[in-house]
Asker: 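Here it is: the structure, laid out below.
Since this is a predicted model, take the numbers as computed values, not measurements. Along the sequence shown, residues carry numbers from 1.
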Amino acid sequence: MYPRPIPEYAPLSRAVYVGLVALVLLLWLVPLMAVMATSLRSFEEVMSGNYWGWPKSFNFVENYTAVFTQTAMAQYFVNSLIVTLPSVLGVLVLSTLTGYVLSRHRFPGARLMFALFVGGNFLPAQIMMIPVRDLMVSLGLYDTYYALIVFHIAFQTGFATLFMRNFIAALPDELFQAARAEGASPWQTLRHVVIPLVRPALAALAILTFTFVWNDYFWAIVLTQSDAVKPVTAGLNNLRGEWVSTWNLVAAATVMVAIPPVVMFFLMQRHFIAGLTAGAVKG
């Protein structure tokens with residue numbers, strides 16, 4: 001069922017495997033390195049067509065400073081934080097509560113409710129575009145932070161509930177029996193038993209949700225229109241249209257947009273891996 005560990009392979013097979021991994025890694029890194037190199041070039045060098053060669057001069061300070069002084073990227077970053085942080089918090093709270101109920105409490109319709117949470121993950125975003133937009137317009141939330149926050153919480157909670165439900169279901173039953181024997185209420189059991197044990201899962205889920213919301217582009221252009229509320233992804237597209245020839249600034253802004261999810265992942269990498277591993281042991 002599972003592949004054998006690499007050391008058990010023959011030397012030739014191991015060498016082929018390592019070579020293929022290195023090739024795929026190189027193909028994946030080439031565009032990233034090209035963007036990073038372009039972000040260091042001068043405007044004159046970009047206009048001369050030197051996109052893949054070694055930069056003749058390193059304009060690191062000039063380009064990255066210009067991103068925030070000559071464009072509206074600072075406002076876009078603030079907008080993304082205003083949308084992303086409440087969305088992540090809302091998803092974590094709702095998915096933990098729902099996952100706890102669906103994994104530890106039996107009631108009529110529990111399986112159907114869980115199926116609805118799971119089934120929502122299979123709906124293509126394009127199908128929901130017009131209904132969601134019309135709903136936000138009718139609620140008076142269109143082109144506001146609340147439109148993106150409400151949608152992301154609703155959309156991401158389905159996957160997050162599946163994740164948390166599997167994680168909580170894998171906890172030993174003896175812990176819950178002991179809590180009941182001590183007279184703990186369901187809320188006290190959640191607060192004092194479940195939450196301390198699911199911190200790795202919460203950390204992993206926070207990273208995933210943060211990345212999904214921060215990198216979202218589709219809903220950013222569907223639910224927002226004005227620059228005052230656009231997140232960085234939609235703002236970056238505006239930047240490309242406004243600064244169509246200054247690709248060094250566009251590349252620098254692209255690198256800056258990619259930094260927050262990467263930093264968050266490396267800061268919480270240990271919890272992320274532990275959460276994914278523990279959450280996959282039981283369905």
Side-chain angles (χ1 to χ4, degrees), residues 1-42 45-64 67 73 80 84 88 121-122 124-125 156 159-160 162-163 166-167 200-218 232-233 236-237 239-240 246-281 283:
M1 181 177 179
Y2 296 99
R4 292 175 296 173
I6 295 177
E8 295 183 7
Y9 287 137
L12 179 60
S13 299
R14 184 165 62 249
V16 172
Y17 175 82
V18 173
L20 290 175
V21 170
L23 177 61
V24 172
L25 180 62
L26 178 63
L27 293 175
W28 184 81
L29 288 176
V30 164
L32 177 62
M33 299 304 297
V35 171
M36 295 183 66
T38 302
S39 70
L40 303 176
R41 304 182 195 278
S42 63
E45 186 177 353
V46 172
M47 293 301 295
S48 66
N50 182 19
Y51 299 111
W52 296 96
W54 187 259
K56 297 178 181 179
S57 61
F58 293 90
N59 291 17
F60 176 81
V61 176
E62 295 84 350
N63 291 346
Y64 283 85
V67 168
M73 285 304 295
S80 282
T84 304
V88 173
N121 296 315
F122 297 97
Q156 300 296 337
F159 165 77
L162 172 64
F163 186 88
N166 290 345
F167 197 100
L202 292 174
L205 193 59
I207 295 174
L208 291 174
T209 306
F210 184 94
T211 303
F212 292 155
V213 176
W214 182 273
N215 292 334
D216 171 70
Y217 173 71
F218 181 80
V232 288
T233 48
L236 187 62
N237 182 66
L239 185 67
R240 184 178 61 86
T246 53
W247 291 108
N248 53 334
L249 297 188
V250 175
T254 302
V255 174
M256 294 298 297
V257 169
I259 287 178
V262 174
V263 171
M264 185 174 182
F265 173 79
F266 280 107
L267 290 177
M268 306 179 70
Q269 182 179 10
R270 178 171 60 88
H271 299 290
F272 177 77
I273 296 175
L276 289 183
T277 303
V281 297

Asker: Might you confirm whether atom CE of Met264 has over 12 heavy atoms from other residues, nucleotides or ligands at distances under 6.0 Å?
Answerer: yes
Asker: Just verifying a value: how many Å separate Leu40 CG and Lys56 NZ, rounded to the nearest 0.5 Å?
Answerer: 15.5 Å
Asker: Heavy-atom count check: over 12 atoms from other residues, nucleotides or ligands less than 6.0 Å from Phe266 CZ?
Answerer: no
Asker: Between atom OG of Ser57 and atom CZ of Arg41, what is the distance when rounded to the nearest 0.5 Å?
Answerer: 9.5 Å
Asker: In Å and rounded to the nearest 0.5 Å, what is the CZ to OG1 distance from Phe265 to Thr211?
Answerer: 9.0 Å
Asker: If you compare all heavy atoms of Val257 against all heavy atoms of Trp214, which two are closest, and at what distance to 0.1 Å?
Answerer: O-NE1, 2.9 Å
Asker: With rounding to the nearest 0.5 angstrom, report the CG to CE distance, Asn63 to Met256.
Answerer: 12.0 Å
Asker: Is it true that a side-chain atom of Thr233 and a backbone atom of Asp216 form a donor plus acceptor pair closer than 3.5 Å?
Answerer: yes
Asker: Classify the angle between the aromatic ring planes of Trp54 and Phe58 as parallel (below 30°), tilted (30 to 60°) or perpendicular (above 60°).
Answerer: perpendicular
Asker: CE/Met73 to OH/Tyr64 distance, rounded to the nearest 0.5 angstrom?
Answerer: 11.5 Å
Asker: Using the rule given for side-chain contact (heavy atoms from CB on, under 4.5 Å), can you reason through Leu208 versus Phe159, listing the C-alpha separation, both sets of side-chain angles and the distance that settles it, and then say yes or no?
Answerer: CA-CA 10 Å; Leu208 291 174; Phe159 165 77; 4.0 Å; yes
Asker: Could you pull out the closest heavy-atom pair between Ser42 and Asn59, with the gap in Å?
Answerer: CB-ND2, 3.3 Å
Asker: Nearest 0.5 Å, please: how far is CG in Leu205 from CZ in Phe212?
Answerer: 9.0 Å
Asker: For the residue pair Phe167 and Phe163, categorise the inter-ring angle as parallel (less than 30°), tilted (30 to 60°) or perpendicular (more than 60°).
Answerer: parallel
Asker: Where the side chain of Asn248 meets the backbone of Thr38, is there a donor-acceptor pair that is under 3.5 Å apart?
Answerer: no
Asker: Please tell me if the side chains of Thr254 and Ser39 come closer than 4.5 Å, counting only heavy atoms from C-beta onward.
Answerer: no
